[in-house]
Asks: 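Please find one structure pasted underneath; my questions will follow.
Quantities reported herein were computed from a predicted structural model and do not represent experimental measurements. Count residues from 1 along the sequence.
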Amino acid sequence: MKPLLAEASGWPGVDEHVVLPFAEAAGRSPQPPLIPLEGDVLLFAFLCAGLVGGFLLGYLYRSLFVETGERA
């Protein structure tokens, strides 16, 4: 019986199937990311960015969408 875990080479991502052929056709080579985050650290970074963005949107919602009067 085969294990349920997928091999790393068995599940290529969108960047390998879609972006890489276009980049190679344009003569560009793949480069490492600017900030190499992997695994749970990357998920945590997206969580923090979403929390900060949600807090700012919630905090500024009244001034952006509700209050249309002139401020003194």
Asks: Tell me every residue that passes side-chain contact (heavy atoms from CB on, under 4.5 Å) with Leu34, counting only those two or more places apart in sequence or in another chain.
Replies: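 With neighbours one apart ignored, the set is empty.
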Asks: Residues in side-chain contact (heavy atoms from CB on, under 4.5 Å) with Leu43, at least two apart?
Replies: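 side-chain contact (heavy atoms from CB on, under 4.5 Å) list for Leu43, sorted by chain: Asp40.
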Asks: In this structure, would Tyr59 and Leu57 fall into the same cluster of hydrophobic residues linked by side-chain contacts under 4.5 Å?
Replies: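 Shared cluster, yes.
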Asks: Tell me who clusters with Phe44, hydrophobic residues only, linked when side chains sit under 4.5 Å apart either directly or through other members.
Replies: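 For the cluster that includes Phe44, the remaining residues are Leu47, Leu51.
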